[in-house]
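What follows is a single structure, written as structure tokens, with notes after it.
What you see is a predicted model; the values in this text were computed from it and never measured.
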Amino acid sequence: MTVEEAKVRIETLRTQLAEHSRRYYVDNAPVISDYDFDQLMHELESLEASFPQFADADSPTLRVGSDLSDSPRHEFRQVAHRYPMLSLGNTYSIEEIEAFASRADKTLEGAEFSYSCELKFDGTAICLEYRKGKLFRALTRGDGTMGDDVTANVLKIKNVPAVLHGDYPEEFEIRGEILMPFEAFDRLNAERELKEEAPFANPRNAASGSIKLLDPKEVAHRGLMATLYHIPDGILDYKTHSEALDAAKSWGLPVSDERRICRNIEEIENYISYWDTARKTLPFATDGIVIKINERDCQTTLGYTAKSPRWAVAYKFKAEQALTELKSIDYQVGRTGAVTPVANLTPVLLSGTMVKRATLNNADQMAQMDIRVGDWVYVEKGGEIIPKITGIELSKRPADSEPTVFPAACPVCGTPLVREEDEAKWFCPNSDGCAPQIQGRIIHFLSRKAMNILAGEATVEQLHSLGFVKSPADLYDLDKLRLVSLEGWKDRAAQRFLDSLAESRAVSFERVLFALGIRFVGETTAKTLARHFGDIDAIAVADMEALQAVPDIGTVIAKSVYDFFRNEEHLAEIERLKAHGLQFSLKSSAVEKTDVLAGMTIVISGNFSISRDAMKELIENNGGKNSGSVSGKTSFLLAGEKPGPEKIKKAESLGVKIISEKEFMGMLPDAPQIVEQEELTLF
């Protein structure tokens, strides 16, 4: 892979993972399996290791998935976590569990330690804080640094005690998972179907959506439960993780009884093997086993990476399999024009949910399998939303079955499909006239890291199908009178939508350029182009030579940008957006730029008086460069409240200067006023 190909693939993966993370954590409506998400993440990790020049502190490989809403008007108060809520590294291989144990043994230099093996619950993460024996606060994971305050809702969960008993400490935190048992899940979906509402895809999505309901009484009706499994180190004086959980259980907290202390790999494998079968009898969803180093001092020695502890790993179970009939095949068009075949199946129970559809990926896979309507197929599902067909039971194939013919034309607009060399998928080239592609680009335009406009897929589909919005510029022509006349729109919702449209006019040029949806132009490339050329007009008239002269812009990206601005419809759309007041030059952008940090590479760690994204943007707006890891090239480490100990340690060992938020703000002209951290954490 060339450097240019690597850059394009890295940006593509980052964009895809950010979108899938939003769908999973915020929308509770994922469209790919956990396994497929993990494979994309592993590919990105590998590419970033091979091409370190494309390091980015905002990469999904360095950040915990966030359940914080994209909405500029948060329904829940956001509060800083006292200790970061990290995610776990995961694997589907026993060999990698053995490697995890080997690394721990090597680092701990022969120290004796054990493993706490626990079920991996398939729910939504929660952090509970108790003060003087009473539940003081409950926070979602959020982005790992800030979480949504859902205390009122958690108090409605029957097995979460509002008041503890026994010899509990004055103040402590405990973390775990909010689950929806299968029985409650089936009841909820039956109720939703009666109301003609879309059912939840699985219990995990239902639990995550339920904990964010605005009415606590409705939360009580959802039948949620909690299981708790971690007290952060440094809070209580226990030598082992298991002792801490035993104590928590004695105070009345819901701690799993299925934990086991293992002394070696053989015992870990036996535990995994047992639960791979026994989990199917549980009343709630599990998708693996978590293996933790049990001794607290050993955990401290092993430490953390940017997003996960080195003393714990998750083993995910292999996918379940079922046999069912393939009734028909649909062909769906994505926002890039890719046509994906999806099999419609006779419903079959798999991993606690009824499976009705499965992805077929592409024409080549279908031809290789020789899959046909009427076949009986093997379906695998390991927490997936759209499971995969992995084989055909040829002994059940009907005698009159006929080979499947992949469509030659787009199933939506009828345009002949094309397939580029080395591409597995067929594409509809009618990007400006095919409804799914148009809607996809509008959804991208609305997204948080683009224009941050308060609307989702359902809104876009409604407005486009009615003919009100055929391009992003049409959004700015909408008025309240028209919106409230539509089904599902009320005065308050219409006003919030219009307010977010008005606010988007102040979005900086770099994000507007990203919002245009130029192929291969991700956030980083958009910033590079904007800062090199200064305004949209200069980019529009740039030839291939001028585009390729921009740092990190190769032939593929340059050709995509060049072609985009040679399309008259694209130019006309930009003129309309200009007329609506969007920012198309750095000079006109609302944010003042300086070069006081020019040439500096800065690493941030901890919590600040502003969000981490805002802090990174502040660095970039003043000419600095963000980095996710400390190295000899780091100019300084900007440390907020509770910075990562590993970054502090590395900065000190390399002689990298460490400065506080107050010192940093003193370096900048017109810096925002610092809000003391205590104001962020108290009611």
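When side chains are defined from C-beta on, L516 does not count as touching V521, because their heavy atoms never get closer than 4.5 Å. With contacts defined as side-chain heavy-atom distances shorter than 4.5 Å, the pair T634/L654 does not qualify. For the pair D499 and R496, the minimum side-chain heavy-atom distance is 4.5 Å or more. Considering only heavy atoms from C-beta on, Y83 comes within 4.5 Å of R175 through its side chain. The closest side-chain heavy-atom distance from F564 to I539 is not below 4.5 Å. By the 4.5 Å heavy-atom criterion applied to side chains, L483 and L463 are counted as neighbours. R14 has its side chain within reach of E48: a pair of non-hydrogen atoms, C-beta onward, lies under 4.5 Å apart. Within the 4.5 Å cutoff, no side-chain heavy atoms of N622 are placed close to those of M667.
Between F445 and Y476, the ring-plane angle classifies as perpendicular under the 30° and 60° cut-offs.
Of the N and O atoms on the side chains of S635 and K625, not one donor lies less than 3.5 Å from an acceptor on the other residue. A side-chain donor-acceptor contact under 3.5 Å links S508 and E510.
Of the inter-residue distances, the one linking T459 atom OG1 with L486 atom CG reads 10.0 Å to the nearest 0.5 angstrom. Distance CG/L47 to CZ/F54: 10.0 Å, rounded to 0.5 Å. The distance from the CD1 atom of I453 to the CZ atom of F497 is 6.5 Å, given to the nearest 0.5 Å. We find the CG-CD1 distance between D537 and I574 to be 8.5 Å, quoted to the nearest 0.5 Å. To the nearest 0.5 angstrom, F636 atom CZ is 10.0 Å from T601 atom OG1. Interatomic distance, H81 NE2 to E173 CD, rounded to the nearest 0.5 Å: 8.5 Å.
Annotation for A138 and T151: closest pair N-OG1, 2.9 Å, computed over non-hydrogen atoms. N153 and I211 make their closest contact through ND2-O, 2.9 Å (heavy atoms, listed as atom of the first residue, atom of the second, distance). When every heavy atom of A80 is checked against every heavy atom of M146, the shortest pair comes out as CA-SD, 3.4 Å. When all heavy atoms of A639 and I658 are compared, the closest pair comes out as CB-CG2, 3.9 Å. A pairwise comparison of heavy atoms in I553 and A558 identifies CG2-N, 3.9 Å as the closest pair. Closest non-hydrogen pair, L637 versus V656, comes out as N-CG1, 3.9 Å.
Salt-bridge annotation for R82 and E129: present, with a side-chain N of the basic residue lying under 4.0 Å from a carboxylate O of the acidic one. Between D477 and R576 a salt bridge is recorded (basic side-chain N to carboxylate O distance below 4.0 Å). One finds a salt bridge joining K7 and E11 here, because a Lys/Arg side-chain nitrogen approaches an Asp/Glu carboxylate oxygen to under 4.0 Å. Between E652 and K649, no side-chain nitrogen of the basic residue sits less than 4.0 Å from a carboxylate oxygen of the acidic one, so the salt-bridge criterion is not met. A salt bridge does not link K527 to E617: none of the charged side-chain nitrogens sits closer than 4.0 Å to a carboxylate oxygen.
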Exercise for the section: Show the numbers, then the answer: is there a side chain to side chain contact (heavy atoms under 4.5 Å, CB included) between S627 and V603? Expected result: CA-CA 5 Å; S627 176; V603 176; 4.0 Å; yes
Exercise for the section: Before giving the answer on side chain to side chain contact (heavy atoms under 4.5 Å, CB included), spell out for L446 and L475 the whole-Å C-alpha distance, their side-chain angles and the decisive distance to 0.1 Å. Expected result: CA-CA 10 Å; L446 297 167; L475 293 164; 3.7 Å; yes
Exercise for the section: Give the intermediate values and the outcome of side chain to side chain contact (heavy atoms under 4.5 Å, CB included) for residues V556 and E5. Expected result: CA-CA 8 Å; V556 173; E5 289 170 340; 5.7 Å; no
Problem - Derivation and outcome, side chain to side chain contact (heavy atoms under 4.5 Å, CB included), residues F520 and T525 - result: CA-CA 8 Å; F520 304 132; T525 301; over 6 Å; no
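Here the side chain of R505 pairs a donor or acceptor atom with the backbone of H580 at under 3.5 angstrom. The backbone N or O of S431 lies less than 3.5 Å from a partner atom in the side chain of R441, making a donor-acceptor pair. Looking only at distances, no side-chain donor or acceptor of H570 sits under 3.5 Å from a matching main-chain atom of D563. Checked by atom type and distance alone, the side chain of T528 pairs as donor or acceptor with a backbone atom of T524 at under 3.5 Å. Between the side chain of D148 and the main chain of V150, no donor-acceptor pair closer than 3.5 Å is present. Looking at D595, its side chain never comes within 3.5 Å of a backbone N or O of A598 through a donor-acceptor pair. R511 places a side-chain N or O within donor-acceptor distance of the main-chain N or O of A450, the cut-off being under 3.5 Å. Between the side chain of R141 and the backbone N or O of L86, at least one donor-acceptor pair lies under 3.5 Å. At least one donor-acceptor pair closer than 3.5 Å links the side chain of S447 to the backbone N or O of H444. Judged by distance alone, with hydrogens and angles left aside, the side-chain atoms of R310 form a donor-acceptor pair with the main-chain N or O of Y304 at under 3.5 Å.
With a 6.0 Å radius and a threshold of 12 heavy atoms from other residues, nucleotides or ligands, E545 has its CD atom at or below the threshold. Within 6.0 Å of NZ on K480 lie more than 12 heavy atoms contributed by other residues, nucleotides or ligands. The environment of CD in E461 is sparse: at most 12 heavy-atom neighbours from other residues, nucleotides or ligands sit within 6.0 Å.
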